Amino acid sequence: MFRSFLALALASAAITPAFAQADVIGSGVAPSTAAHSQTRPINFAATAPTSGALVILMRNATLPAKLVDATTAQALNAAIASAKFEGKEGSSLSLRGIGGYARILLSGVGEEGDRITHIRNASGKAAQDLRDEAQPVTITGGLNQDEAAAAALGYAMGQYRFDRYKTADRKTPPTNPVTIVSSDAGSAETLWKSRHAALAEGVALSRDLAAEPANVIYPETFVERVRAAFGNTANVKIEVLDEPMMRKLGMGTILGVGQGSRRPSRMMIVEYRGAGDTAPLAMVGKGITFDSGGTSLKPGAGMWEMKADMSGAASIMGAVLSLAKSKASVNVIGVAALSENMPGGNAQRPGDVVRTMSGKTIEILNTDAEGRLVMADANEYVIANKKPGALVNMATLTGSIVGALNDEYAGLFSRDDKLAAAVTAAGTATGEDVWRMPLHKNYLDDMKSDIADIKNVVEGGGPGAGLGATFVGYFVDKNIPWAHLDIAGVNWADRSGPVTPKGASGWGVQLLDTLARNWK
Ligand code: BES
Ligand code: MN
Ligand code: ZN
């Protein structure tokens with residue numbers, strides 16, 4: 001088999017060596033064939049084992065009743081008193097040598113705020129604290145069904161790791177299970193399997209896509225990865241537009257952004273119908289698999305982060321995956337506008353004029369303002385072809401929003417107060433907070449071009465995030481409720497959060513999942 005394949009390869013190479021050579025982009029050598037990092041399987045049980053690593057989720061300094069035997073409880077209470085541990089949100093106390101346990105970790109939930117979110121967070125933090133713990137892990141704390149499922153979700157998100165390219169000094173990831181203890185273990189497990197596990201999978205998909213380098217994830221491989229994640233999930237339809245198809249549709253903005261790259265652009269449309277004939281919620285994401293700035297080249301420092309300039313598209317696909325795999329009663333359409341923004345002999349130049357699918361024209365004054373360009377064609381396509389009831393955009397659009405909100409909030413821009421309120425509520429409920437920013441009508445006046453309908457930047461700056469949002473909104477039908485989330489900043493965690501290890505955050509998967517379930 002292998003020998004005949006080799007013979008075939010040699011024969012075809014002999015016939016068409018030039019062609020075979022031209023097919024190789026880059027070195028042609030993949031950086032790794034290693035499988036994705038292993039994680040602990042998640043189980044549920046009604047009682048806790050008396051060995052291994054035990055995590056107790058604590059609301060305050062009082063140990064929940066009947067979790068451990070009397071002697072262990074006595075030792076724990078002494079430790080709690082001596083360490084002045086109060087169970088405050090985000091606090092923890094690691095203990096060894098108590099009872100039959102290899103380790104006991106007290107993780108604070110606190111008494112204020114949303115209990116479910118805090119349990120998710122305390123469990124996520126425990127997962128990170130126990131990252132290199134070889135022992136099986138038990139999570140307990142008098143958890144009911146919803147709390148136990150939330151603890152499972154938190155653990156799943158917190159134990160995420162991206163180390164598939166490490167071949168040296170790579171710690172073997174623990175694969176012993178984590179067991180969540182609940183008196184409602186059966187129904188908690190059902191809830192986890194039917195819903196939360198899909199959400200965790202969506203978050204991991206988004207993180208993987210963003211964390212992967214741009215020599216691995218480019219438009220075509222983004223499509224492949226997302227396709228593989230969906231497998232044959234029911235009620236899902238996937239369409240992919242290639243460059244000839246997009247040219248036929250007059251998509252001059254996405255094709256223009258991609259024309260400096262050897263990697264062809266793609267538009268990926270994933271439709272999940274779980275609610276009959278109701279108008280779908282459309283979610284369109286910026287999918288720049290690498291943003292070098294193009295001819296308007298970015299400075300070198302920090303440019304590597306632009307491998308994650310497809311985070312908006314990644315989180316949208318993660319949210320659609322979660323909704324579809326959990327069989328949510330919603331209709332959603334996720335669109336990924338996929339291009340690589342590179343300088344090159346055929347790259348577009350400042351001063352170029354391009355035409356969008358809508359027929360409107362754009363004067364490009366800076367090729368680094370490319371996200372708004374690809375969004376224009378993608379929004380137009382979904383509005384013209386899918387008649388959505390509302391449209392949400394997610395994009396790492398501007399450095400300016402990072403200056404305004406850092407990574408505490410994503411910027412929300414909307415012309416529709418009802419949709420803005422729903423997005424804000426979904427953000428608060430999931431801990432993915434947004435802050436609403438203005439769309440002043442003067443912004444559009446400032447973007448008038450001398451020779452085309454609109455220009456893509458205002459030279460000399462101005463309110464950068466607002467101008468970018470204004471540009472995107474200019475191409476969206478005023479009758480459709482529209483919201484745009486500028487996620488540059490929140491898409492990448494420079495330091496770890498409770499359920500977000502340092503790196504690609506998967507920001508927005510949870511927010512969009514909740515928004516889709518609650519909208520209308
Ligand atoms: N992808 C960037 C925005 C970005 C910056 C994301 C930092 C994450 C971190 C975007 O394409 C971009 O380059 N925007 C320019 C716009 C400018 C040319 C008007 C920016 O923000 O500088
Ligand atoms: Mn850019
Ligand atoms: Zn960009």
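Any value given below was found using the heavy atoms of this structure, including those in side chains, with hydrogens, waters and symmetry copies removed. Residue indices begin at 1 and follow the sequence shown. As the structure is a prediction and not an experimental result, all values here were calculated from the model. Just follow the structure's listing: the first ligand is 1, and inside any ligand the first atom is 1.
- Near the Zn ion (ligand 3), less than 2.8 Å away, sit the protein N, O or S atoms K286 NZ, D291 OD2, D309 OD2, E370 OE2.
- At the top of the distance list for atom 19 (C) of ligand 1, counting protein heavy atoms only, stands V457 CG1, 3.5 Å.
- Using cut-offs of 30° and 60° on the angle between ring planes, the pair H484 and W482 is parallel.
- Among protein heavy atoms, atom 6 (C) of ligand 1 sits closest to A488 CB, 3.4 Å.
- The shortest distance between side-chain heavy atoms of K478 and R415 falls below 4.5 Å.
- Ranking protein heavy atoms by distance to atom 16 (C) of ligand 1, first place goes to R372 NH2, 3.8 Å.
- Residue K298 touches ligand 1 through its side chain alone, judged by heavy-atom distances below 4.0 Å.
- When side chains are defined from C-beta on, Y381 counts as touching L241, because their heavy atoms get closer than 4.5 Å.
- For D309, every heavy-atom contact with ligand 1 shorter than 4.0 Å involves the side chain, none the backbone.
- Considering backbone and side-chain N/O atoms, D291 comes within less than 3.5 Å of an N/O atom of ligand 1.
- Atoms of the protein (N, O or S only) found under 2.8 Å from the Mn ion (ligand 2) are D291 OD2, D368 O, D368 OD1, E370 OE1.
- Counting only heavy atoms from C-beta outward, the side chains of R372 and N456 approach each other to under 4.5 Å.
- In the model, D513 has a side-chain atom that pairs as donor or acceptor with a side-chain atom of S322 under 3.5 Å.
- Electrostatic pairing of E271 and K386 counts as a salt bridge here, judged by a charged N lying under 4.0 Å from a carboxylate O.
- When hydrogens are left out, the protein atom nearest atom 15 (C) of ligand 1 is D368 O, 4.1 Å; that is the closest non-hydrogen contact.
- Every heavy atom of I288 sits 4.0 Å or more from the atoms of ligand 1.
- Using modelled atom types, one finds a donor on one side chain and an acceptor on the other under 3.5 Å when comparing D477 with N479.
- Residue G399 places at least one N or O, backbone or side chain, under 3.5 Å from an N or O of ligand 1.
- To the nearest 0.5 angstrom, T470 atom OG1 is 6.5 Å from L444 atom CG.
- At least one side-chain heavy atom of R263 sits less than 4.5 Å from a side-chain heavy atom of I25.
- D446 contributes atom CG, which lies 10.5 Å from atom NZ of K441 (distance to the nearest 0.5 angstrom).
- Note: I288 CD1 to M375 CE = 10.0 Å, rounded to the nearest 0.5 Å.
- Contact annotation for N341 and ligand 1: no heavy atom of the residue comes within less than 4.0 Å of the ligand.
- Using a 30° and 60° split on the angle between ring planes, H196 and W192 fall in the tilted class, from 30° to 60°.
- Of all atoms in ligand 1, numbered sequentially from 1 with element shown, those under 4.0 Å from a heavy atom of N366 are 18 (C).
- Remark: R266 engages E220 in a salt bridge, criterion side-chain N to carboxylate O under 4.0 Å.
- What sits closest to atom 7 (C) of ligand 1 on the protein, heavy atoms only, is M306 CE, 3.7 Å.
- Closest protein heavy atom to atom 14 (N) of ligand 1: L397 O, 3.4 Å.
- Ion pairing of K286 with E370 is present here, as a side-chain N (NZ or NE/NH1/NH2) and a carboxylate O approach within less than 4.0 Å.
- For the pair D417 and R436, the salt-bridge criterion is met [side-chain N within less than 4.0 Å of a carboxylate O].
- In this structure, a donor-acceptor pair under 3.5 Å is absent between the side chains of T430 and Q510.
- Of the N and O atoms on the side chains of T356 and D377, not one donor lies less than 3.5 Å from an acceptor on the other residue.
- Remark: distances from the non-hydrogen atoms of E305 to ligand 1 are all 4.0 Å or more.
- In K286, the part holding a heavy atom less than 4.0 Å from any atom of ligand 1 is the side chain.
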